[in-house]
Enquirer: 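Structure incoming, see below.
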Amino acid sequence: MNVQELLVIGDSDLLVQQVLGEWATKNTKIFPYLHCVQELIKRFTKIEFEHVPRIQNEFVNALATLSSMIQHPYKNFIDPIPIEIHKQPSYRAHVEEEFDGNPWFHDIKEYLEKGEYPENATHT
C-alpha cells in the first residue's frame, strides 16, 4: 500500500513506552513482539506512537471484554495473531444486520474457540 507515515494508537502506556525504548521490560514473553514491532518500524519514513486511555477507546474495550471471556487451556500461552500485508487496498460495504438472538461477539468467540468459521460465512 506504500504507506510511508503511520500513527500507532495504543491503550497500554506500558507497551507504548517499551516500544519507544523509554521503559525496559523484564517480561520475556513480550520480547518477540517488541522485536517484531522494531522490525516493522523500519518500513516507515515516519512513525509515531500515541497512548490513548482505554476508557476513550470503545473498540479496544470490547475486544478486552471478549478476550477475558475465553479460557485457554494453557494459562501462560498467547495464540499468535496472523497479520497479512496486502499489496492493494480493500474495500468494505455496509452489511445489514440479521439478529439471531446471540450477542454481537458470538461468531468471533466461536471462531476463536473452534478455529472454524460459522456455517453461513462467506469469503466476500
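Positions are given from 1, in the same order as the sequence printed here.
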Enquirer: Quick one: closest heavy-atom pair of N2 and Q4, and the distance?
Expert: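 Taking N2 first and Q4 second, the nearest heavy atoms are OD1-NE2, 2.9 Å.
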Enquirer: So, using side chain to side chain contact (heavy atoms under 4.5 Å, CB included) as the criterion, who are the partners of Y111 when residues are at least two apart?
Expert: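 With sequence neighbours excluded, Y111 shows a side chain to side chain contact (heavy atoms under 4.5 Å, CB included) to Y117, given in chain and number order.
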Enquirer: Report the residues that fulfil side chain to side chain donor-acceptor pair (under 3.5 Å) with E116, sequence neighbours left out, ordered by chain and then residue number.
Expert: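 With neighbours one apart ignored, the set is empty.
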Enquirer: Could you pull out all residues at least two apart from D107 that satisfy side chain to side chain donor-acceptor pair (under 3.5 Å)?
Expert: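 D107: no side chain to side chain donor-acceptor pair (under 3.5 Å) contacts found.
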Enquirer: Nearest 0.5 Å, please: how far is CZ in F49 from CG in L20?
Expert: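 Result: 6.5 Å between the selected atoms.
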Enquirer: What distance separates L6 CG from K46 NZ, expressed to the nearest 0.5 Å?
Expert: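 With rounding to 0.5 Å, CG (L6) is 11.0 Å from NZ (K46).
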Enquirer: List in chain and number order the residues that pass ring pair (Phe, Tyr, Trp, His ring centres under 6.0 Å) with F31, two or more places apart in sequence or in another chain; answer none if no residue qualifies.
Expert: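 Listed in chain order: nothing, the list is empty.
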Enquirer: Nearest 0.5 Å, please: how far is OH in Y33 from CD in Q38?
Expert: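 Here the rounded value is 15.0 Å.
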Enquirer: List the residues meeting side chain to side chain donor-acceptor pair (under 3.5 Å) with Q17, not counting sequence neighbours, and say none if there are none.
Expert: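 With neighbours one apart ignored, the set is D13.
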Enquirer: Compare all side-chain heavy atoms of T45 with those of E5 and state whether any distance is below 4.5 angstrom.
Expert: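 T45 reaches E5 side chain to side chain.
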Enquirer: Report the residues that fulfil side chain to side chain contact (heavy atoms under 4.5 Å, CB included) with L34, sequence neighbours left out, ordered by chain and then residue number.
Expert: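 L34: side chain to side chain contact (heavy atoms under 4.5 Å, CB included) contacts with Q18, V19, T25, I30.
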Enquirer: If you link I, L, V, M, F, W and Y whenever their side-chain heavy atoms are under 4.5 Å apart, who else ends up in the same group as L14?
Expert: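 L14 shares its hydrophobic cluster with W23.
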Enquirer: Not counting sequence neighbours, which residues clear salt bridge (Lys or Arg N to Asp or Glu O under 4.0 Å) with K26? List them please.
Expert: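 Once residues adjacent in sequence are excluded, K26 has no partner under the salt bridge (Lys or Arg N to Asp or Glu O under 4.0 Å) criterion.
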Enquirer: Are L7 and L40 co-members of a hydrophobic cluster defined by side-chain heavy atoms under 4.5 Å apart?
Expert: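 As far as the 4.5 Å side-chain criterion goes, L7 and L40 are not connected within one cluster.
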Enquirer: Run the side chain to side chain donor-acceptor pair (under 3.5 Å) test against E39 and tell me which residues pass, sequence neighbours left out.
Expert: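 Per chain and number, E39 pairs via side chain to side chain donor-acceptor pair (under 3.5 Å) with K42.
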